[in-house]
Amino acid sequence: MTTTVPRFEELAAPSHWRTVDFISDLHLQACEPATVAAWQHYLQTTTADALFILGDLFEVWVGDDALHETGSFEAQGCAALQAAAQRLPVYFMHGNRDFLAGPEFLAHCGITGLADPTVLVFGGQRLVLSHGDLLCLDDVDYQRFRVQARSAEWQEPFLAQPLAVRRAQARGIRQKSEARKQSGAIYADVDGPAAIAWLNAAHARTLIHGHTHKPASHALAPGLQRVVLSDWDATAHPPRAEVLRLTAQGLERVNWAPMYERS
């Protein structure tokens, strides 16, 4: 499968920013309280000047109306984001699990939506930010679903259903996804030539993305690299709660799990 190079939004970092954090694929859900607690601790204590969430913050998002359900997990998660957004700017990019997070979610949390992809201009560098799923070209079935699920023709009837029905459907999708993982199915990775095409079109040298849950840095071509964010799982051995931190000195991986455990 081939893809055209998308149009890039551009965000210029203010001159006072010294530290920028990137996270993705936390897959927050009520049944994973340890990961939720690690994330909340991070939000309360990070010294970054800005936070970029590059998709799949939530395991599933079935509509912004979930914010109005008394005691809902979505409302609790947004309260944590709202508190963080009062201290530092927070940017949110959709992932493949929370692509239905809409304008009400952003406004309620006081955070800024981010197009996928976006070029961040920071300290003379140009970095392409993406969730990453759009570059997994070999997953043809998913790419077809991605186009469908982001259309008004798909979203409007889905969101018109009662919240309880949407939650039940989401549980079914998660169960199928988990069964596929347990079966040892191989997931498509980011397509290298497509990533290079993106970087060249954006006049950038670094692509930062999540989605694949395979944290690493890959040399794509001379002077070009892609840096993959880690997923979060505070109950894993060892626990995963990694932040990718950008400063004038470059990119650094910071494992938040030991800091959370010491608090």
Side-chain angles (χ1 to χ4, degrees), residues 1-9 22-29 52-61 91-101 113-120 127-151 154-155 158 170 172-202 204-221 224-233 236 240 242 244 251 253:
M1 184 173 182
T2 59
T3 184
T4 56
V5 175
R7 184 175 66 88
F8 295 92
E9 299 289 338
F22 304 96
I23 60 174
S24 74
D25 299 280
L26 280 73
H27 293 270
L28 298 176
Q29 51 188 321
F52 287 78
I53 303 170
L54 301 186
D56 285 2
L57 175 63
F58 295 95
E59 171 67 5
V60 66
W61 190 271
Y91 296 86
F92 173 84
M93 180 180 288
H94 292 114
N96 56 294
R97 297 298 186 97
D98 48 20
F99 64 89
L100 285 173
L114 205 62
D116 186 357
T118 287
V119 176
L120 173 65
L127 305 101
V128 176
L129 310 181
S130 176
H131 178 57
D133 58 328
L134 190 56
L135 285 163
C136 295
L137 302 183
D138 287 344
D139 194 342
V140 177
D141 290 342
Y142 169 71
Q143 294 299 335
R144 289 176 180 146
F145 172 74
R146 190 184 192 281
V147 173
Q148 178 189 44
R150 282 158 176 74
S151 68
W154 187 92
Q155 292 188 8
F158 177 81
I173 292 171
R174 290 202 305 273
Q175 288 168 359
K176 289 181 181 179
S177 176
E178 190 59 33
R180 186 183 177 193
K181 290 178 185 176
Q182 297 299 325
S183 72
I186 298 174
Y187 288 81
D189 203 349
V190 163
D191 183 82
I196 292 171
W198 278 28
L199 289 170
N200 288 335
R205 293 183 174 275
T206 300
L207 165 66
I208 298 174
H209 71 85
H211 182 62
T212 65
H213 298 198
K214 298 176 181 178
S217 296
H218 302 271
L220 295 168
L224 302 182
Q225 66 171 341
R226 68 178 177 97
V227 181
V228 188
L229 301 171
S230 173
D231 64 320
W232 281 40
D233 184 349
R240 298 189 302 276
E242 188 179 271
L244 183 67
L251 291 165
R253 294 184 185 273

_Test log, rule side chain to side chain contact (heavy atoms under 4.5 Å, CB included), inputs Asp191 and Leu135_ = CA-CA 6 Å; Asp191 183 82; Leu135 285 163; 5.5 Å; no

*Take Leu120 and Tyr91 through the test side chain to side chain contact (heavy atoms under 4.5 Å, CB included) and record every step on the way to the result.*
CA-CA 11 Å; Leu120 173 65; Tyr91 296 86; over 6 Å; no

*Could you please spell out the steps behind the side chain to side chain contact (heavy atoms under 4.5 Å, CB included) verdict for Asp25 and Arg240?*
CA-CA 11 Å; Asp25 299 280; Arg240 298 189 302 276; over 6 Å; no

*Start with the C-alpha gap between Arg253 and Ser217, add the side-chain angles, then the distance that decides, and say whether side chain to side chain contact (heavy atoms under 4.5 Å, CB included) holds.*
CA-CA 11 Å; Arg253 294 184 185 273; Ser217 296; 3.9 Å; yes

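Using cut-offs of 30° and 60° for the angle between ring planes, the Phe92 and His94 rings count as perpendicular.
Pairing each heavy atom of Ser130 with each of Asp116, the nearest pair is OG-OD1, 2.7 Å. The minimum heavy-atom distance between Ala149 and Gln155, with the atom names listed, is O-NE2, 2.9 Å. Smallest separation of non-hydrogen atoms from Ala194 and Leu137: CB-CD1, 3.9 Å. Phe8 approaches Trp198 most closely through the heavy-atom pair CZ-O, 3.4 Å. Contact detail for His209 and Gly132: the closest heavy-atom pair is CB-CA, 4.0 Å.
Rounding to the nearest 0.5 Å places CG of Leu127 at 8.5 Å from CD of Gln225. To the nearest 0.5 angstrom, Leu244 atom CG is 5.0 Å from Leu251 atom CG. With values rounded to the nearest 0.5 angstrom, Ser24 atom OG is found 10.0 Å from His211 atom NE2. Atom CG in Leu134 sits 8.0 Å away from atom OH in Tyr142 (nearest 0.5 Å). Put simply, CG on Asp133 and CG on Asp139 are 9.5 Å apart, with the number rounded to the nearest 0.5 Å. To the nearest 0.5 Å, atom CG of residue Leu54 and atom CG of residue Leu114 are 7.0 Å apart.
Residues passing the side-chain hydrogen bond (donor to acceptor under 3.5 Å, both in side chains) test with Asp98: none are found, sequence neighbours excluded.
No side-chain donor-acceptor contact under 3.5 Å links His27 and Asp231.
Under the 4.0 Å criterion applied to side-chain N and carboxylate O atoms, Asp189 and Arg226 are assigned as salt-bridge partners.
Here the side chains of Glu59 and Leu28 are not in contact, with every heavy-atom distance at 4.5 Å or above. Side chains of Met93 and Leu129 form a contact here, defined as non-hydrogen atoms less than 4.5 Å apart. The shortest side-chain heavy-atom distance between Val5 and Asn200 does not fall under the 4.5 Å cut-off. The side-chain heavy atoms of Arg150 and Gln148, taken from C-beta on, include no pair separated by under 4.5 Å. Using a 4.5 Å heavy-atom threshold, the side chains of Val228 and Val190 count as separate. Counting heavy atoms from C-beta outward, Asp56 and Asn96 have side chains that approach closer than 4.5 Å. With contacts defined as side-chain heavy-atom distances shorter than 4.5 Å, the pair Phe52/Thr118 does not qualify.
Atom CZ of Arg146 sits in a crowded spot, with more than 12 heavy atoms from other residues, nucleotides or ligands closer than 6.0 Å.
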